[in-house]
Trainee: 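I have a structure I would like to understand better, so I am pasting it below and will then ask my questions one at a time.
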Amino acid sequence: MNPTTYPAAVIEADERVPVIRITRDFHATPAQLVRAHTDPDLYARWVGPDDVTTEIDYWDARTGGSWRFLNKRGAEEHAFHGSFHEVSDVRVVQTFTWEGMPEGVSLETLTFEDLGDGRTRLHAQSLVDSFEARDGWLASGMEVGVNDGYAKLDALLTDGAV
């Protein structure tokens with residue numbers, strides 16, 4: 001077993017390709033994490049910063065399906081959409097587009113690694129179209145949304161909601 005643990009999200013930029021990698025451990029099974037990422041009601045409850053609400057517009061979490069959701073903070077609203085390219089028991093591959101910048105599409109691969117002790121390691125990789133786009137994401141404060149969201153997911157797992 002790998003002794004390294006990731007109780008908080010580690011967000012890293014690849015120096016060779018415009019990729020962002022996130023690694024985070026959860027006290028959960030891979031099936032629970034896949035469900036948290038594919039069930040629209042659960043996803044809306046945990047994704048994003050604490051001061052944002054998420055409203056699902058449409059959601060078809062199967063290979064070949066698509067999705068769209070809105071993030072709302074007061075009068076501010078941002079929409080995101082994408083396609084599910086693969087949904088399996090251990091991996092989700094999807095595209096991700098912020099509609100405020102529709103020419104920017106990222107390819108996201110989420111892999112759920114069973115650590116064998118009741119924990120699962122999430123490996124998330126986002127490939128964007130340029131180093132400038134990647135650096136823009138990193139400078140956007142994305143770590144707040146990632147860590148707030150994963151803390152809410154931890155609470156849902158602890159409460160038995162997932």
Side-chain angles (χ1 to χ4, degrees), residues 6 9-12 14 17-50 52-73 77-130 133-134 137 140 142-143 145-162:
Y6 298 93
V10 173
I11 301 172
E12 301 170 299
D14 191 303
V17 290
V19 164
I20 297 170
R21 291 191 180 90
I22 301 172
T23 307
R24 171 68 150 76
D25 291 348
F26 292 91
H27 288 280
T29 65
Q32 287 175 298
L33 290 185
V34 169
R35 183 169 172 244
H37 284 82
T38 57
D39 180 300
D41 296 327
L42 286 172
Y43 189 78
R45 291 173 65 183
W46 67 263
V47 73
D50 290 342
V52 168
T53 59
T54 298
E55 178 181 305
I56 303 294
D57 183 19
Y58 57 85
W59 193 271
D60 183 11
R62 61 180 174 83
T63 299
S66 61
W67 57 270
R68 183 174 188 267
F69 68 82
L70 307 168
N71 278 159
K72 297 180 178 181
R73 177 187 294 124
E77 183 176 291
H78 297 278
F80 305 87
H81 71 269
S83 300
F84 290 103
H85 290 259
E86 177 188 337
V87 177
S88 75
D89 293 342
V90 293
R91 195 167 99 132
V92 174
V93 181
Q94 64 188 14
T95 58
F96 183 93
T97 299
W98 171 46
E99 293 181 3
M101 190 179 290
E103 70 281 2
V105 180
S106 70
L107 177 64
E108 298 188 334
T109 302
L110 310 174
T111 305
F112 307 96
E113 177 187 2
D114 188 345
L115 298 177
D117 59 357
R119 293 179 308 126
T120 296
R121 181 162 296 151
L122 168 64
H123 301 275
Q125 175 176 289
S126 298
L127 173 65
V128 298
D129 63 354
S130 68
R134 181 200 65 192
W137 280 38
S140 72
M142 67 175 278
E143 70 278 2
V146 168
N147 286 306
D148 284 0
Y150 289 161
K152 288 182 281 188
L153 179 52
D154 280 336
L156 290 171
L157 290 162
T158 299
D159 293 347
V162 182

Trainee: For residues Ala9 and Val146, report the shortest heavy-atom separation together with the two atoms involved.
Mentor: CB-CG1, 3.8 Å
Trainee: Counting N and O atoms only, with roles assigned by atom type, does the side chain of Trp46 sit under 3.5 Å from a partner on the main chain of Ala36, one being a donor and the other an acceptor?
Mentor: yes
Trainee: So does Gly65 get a backbone contact from the side chain of Trp59, meaning a donor-acceptor N/O pair under 3.5 Å?
Mentor: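 No; judged by distance alone, with no hydrogens or angles, the pair does not exist.
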Trainee: Which is it for Thr54 and Asn71 under the side-chain hydrogen bond (donor to acceptor under 3.5 Å, both in side chains) test, yes or no, and what are the steps along the way?
Mentor: CA-CA 5 Å; Thr54 298; Asn71 278 159; 2.9 Å; yes
Trainee: What do the steps show when you test Arg45 against Asp39 for salt bridge (charged side-chain N to carboxylate O under 4.0 Å, His left out), and what is the final call?
Mentor: CA-CA 10 Å; Arg45 291 173 65 183; Asp39 180 300; over 6 Å; no
Trainee: Under 6.0 Å between ring centres: does that hold for Phe112 and Phe26?
Mentor: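 Ring centroids of Phe112 and Phe26 are no less than 6.0 Å from each other.
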Trainee: For the atom pair NE2 (His85) and CZ (Arg91), what is the distance rounded to the nearest 0.5 Å?
Mentor: 11.5 Å
Trainee: Does the Asp57 side chain pair with the main chain of Arg68, one donor and one acceptor, at a distance under 3.5 Å?
Mentor: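 The answer is no, because no donor-acceptor pair under 3.5 Å joins these two groups.
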Trainee: Among residues at least two apart in sequence or on other chains, which ones pass side-chain hydrogen bond (donor to acceptor under 3.5 Å, both in side chains) with Asp25?
Mentor: Arg119, Arg121
Trainee: Is a donor on one side and an acceptor on the other found under 3.5 Å between the side chain of Thr63 and the backbone of Val87?
Mentor: yes
Trainee: Quick one: pull up CZ in Arg24 and OG1 in Thr120 and give me the separation to the nearest 0.5 Å.
Mentor: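 Arg24 CZ to Thr120 OG1: 12.0 Å, rounded to 0.5 Å.
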Trainee: Does a side-chain heavy-atom distance below 4.5 Å link Ile22 with Leu122?
Mentor: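 Side chain of Ile22 against side chain of Leu122, heavy atoms only: no contact under 4.5 Å found.
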Trainee: Who passes salt bridge (charged side-chain N to carboxylate O under 4.0 Å, His left out) against Glu55, sequence neighbours left out?
Mentor: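 Only Lys72 meet the salt bridge (charged side-chain N to carboxylate O under 4.0 Å, His left out) criterion with Glu55.
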Trainee: Which heavy atom in Gly48 sits nearest to a heavy atom in Asp148, and how many Å separate them?
Mentor: O-CB, 3.7 Å
Trainee: Taking atom NE2 as the centre, does His78 end up with more than 12 heavy-atom neighbours from other residues, nucleotides or ligands that are less than 6.0 angstrom away?
Mentor: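 Atom NE2 in His78 is packed in, count exceeds 12.
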Trainee: How long is the span from the NE2 atom in His81 to the CH2 atom in Trp98, to the nearest 0.5 Å?
Mentor: 13.0 Å
Trainee: Could you tell me the separation between the OG1 atom of Thr95 and the CD atom of Glu108, rounded to the nearest 0.5 Å?
Mentor: 8.5 Å
Trainee: Over all heavy atoms of both residues, which pair between Leu70 and Ala79 is shortest? Give the atoms and the distance, please.
Mentor: CD2-CB, 3.4 Å
Trainee: Given 3.5 Å as the limit, does a donor-acceptor pair link the side chain of Glu86 with the main chain of Val93, or not?
Mentor: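 No.
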Trainee: Can you tell me if Asp159 has over 12 outside heavy atoms packed within less than 6.0 Å of its CG?
Mentor: yes
Trainee: Check the pair His27, Leu157 against side chain to side chain contact (heavy atoms under 4.5 Å, CB included), reporting the backbone distance first and the verdict last.
Mentor: CA-CA 8 Å; His27 288 280; Leu157 290 162; over 6 Å; no
Trainee: Within this structure, what is the OH-OG1 distance for the pair Tyr6 and Thr23, rounded to the nearest 0.5 Å?
Mentor: 5.5 Å
Trainee: Starting at CG of Leu33, measure out to OG1 of Thr38 and round the result to the nearest 0.5 Å.
Mentor: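 So the gap between those two atoms works out to 10.5 Å.
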Trainee: So do Val19 and Ser126 actually touch side chain to side chain, heavy atoms under 4.5 Å?
Mentor: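 Answer no - side chains too far apart.
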Trainee: Which heavy atom of Ala161 sits nearest a heavy atom of Leu42, and at what distance?
Mentor: O-CD2, 3.6 Å
Trainee: For Ser88 and Val34, work out which heavy atoms get closest and say how close.
Mentor: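 Here Ser88 and Val34 meet closest at O-CG1, 3.7 Å.
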Trainee: What I'd like to find out is whether the side chain of Phe84 reaches to under 4.5 Å of the side chain of Asp60, using heavy atoms alone.
Mentor: no
Trainee: Relative to the ring of Trp67, is the ring of Phe69 parallel (under 30°), tilted (30 to 60°) or perpendicular (over 60°)?
Mentor: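 Answer is parallel, since the angle falls under 30°.
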Trainee: If I compare all heavy atoms of Val105 with all of Pro102, which pair ends up nearest, and what's the gap?
Mentor: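 Here Val105 and Pro102 meet closest at CG2-O, 4.3 Å.
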